[in-house]
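Data first, discussion second: the structure below is written as structure tokens.
Each chain gets a letter, A, B and so on, in the order its sequence line appears, and its residues count up from 1.
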Amino acid sequence: MGRGDRLLQAVGALGLAAFLLVAFTPMPNVLARWDGEAPEPTPADAIVVLAASVSVDGALSDDSLRRAVHGILLYRQGLAPLLVFSGTVLDDLASEAAIRAEMAHRLGIPAAALLTESTARTTREEALRMAELLQPRGVHRILLVTDRYHMRRSRGLFERAGFRVHPAPVDNLSHAQAPEQRLRLMRHLAQEALARAYYGAAGYL
Amino acid sequence: VFVLVLVGVTSVAMYLVGVKAWGWRDGELRAAVRRTLVCLGMTLVFFLANLALGVLVVLVGRWILAGFVSLYPASDVTLVVLSWLQAMTFQSWREFARRRVEPGG
């Protein structure tokens, strides 16, 4: 066995150990709890629900639906007079934001309490567009709804855009127990860590 | 734990069939495990190379187009399977090449 083989073998052993650690121990759950922001359900000027994704036939993804429902429930608790949805347009269909606003309206939220923003394609753009949309209306204190693993970066961006942010995270993965769910959680955490590094290097955070 | 038990049971069954029925040797199992780790290592190397290339292409795309190009497709889960296929193919090729050049191979 040559030096190259021994090196590959060591990399393989490390990879296998990492896989077993992530899939079959609570390590990703601990990381998610350590990395996430705790909910601060306090009264605010608006509830801002960040985008996730929508399919080409206009069906909201699970993440998108979960965030939207969480925003609706916060509104129902009377925590803010405005419910704002973000989400871009896909092809010629209605935007993710409009689909969620329509759903909220059908679930009893008054049209006057709903706002949408459908031009932002990244979290940074969402923060900037929301500042343009909301701050002229006197909205400065917001309840921010996004997934728990996405909250730290989002909070930093919205605070930088001039908002006072109270996290209202959606948490469906940090208690994951099935190996597949833990792998998915770890993937999200790794993506977020890379995204934060990229945003930091680009000077966005 | 359930899936680990499943994998454990089928592995033990295969071990018994291999040793009792087909005459496989314990020492060869250790060599097979080492070879598997080499293949796994090569899969990781290909995966990281593919991922790095994907991120680079997206970032260059953003810079050239001065617009939005999503990074998420670069980390699609199919990349793991495709990296594994790459690793198996190139590792097999590498072993064939080694057998060809080594005396007695």
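The side-chain contact (heavy atoms from CB on, under 4.5 Å) search around A:Leu107 returns A:Ile72, A:Met103, not counting sequence neighbours. Taking A:Phe24 as the reference, A:Phe19, A:Leu20, A:Pro179, B:Val3, B:Leu4 meet the side-chain contact (heavy atoms from CB on, under 4.5 Å) condition, with sequence neighbours excluded. Taking the side-chain contact (heavy atoms from CB on, under 4.5 Å) definition, one finds that B:Val17 meets it with B:Ala21, B:Trp22, sequence neighbours left out.
Across all non-hydrogen atoms, the minimal contact from A:Val11 to B:Leu44 is O-CD1, 3.5 Å.
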Between chain A and chain B, which donor-acceptor pairs sit under 3.5 Å apart?
from    : atom 1 : to       : atom 2 : distance (Å)
B:Arg62 : NH1    : A:Tyr198 : OH     : 3.4
B:Ser75 : O      : A:Arg187 : NH2    : 2.9
B:Ser75 : OG     : A:Gln191 : NE2    : 2.7
B:Arg94 : NH1    : A:Asp5   : OD1    : 2.8
B:Arg94 : NH2    : A:Asp5   : OD1    : 2.9
B:Arg98 : NH1    : A:Asp5   : OD2    : 2.8
B:Arg98 : NH2    : A:Asp5   : OD2    : 3.0

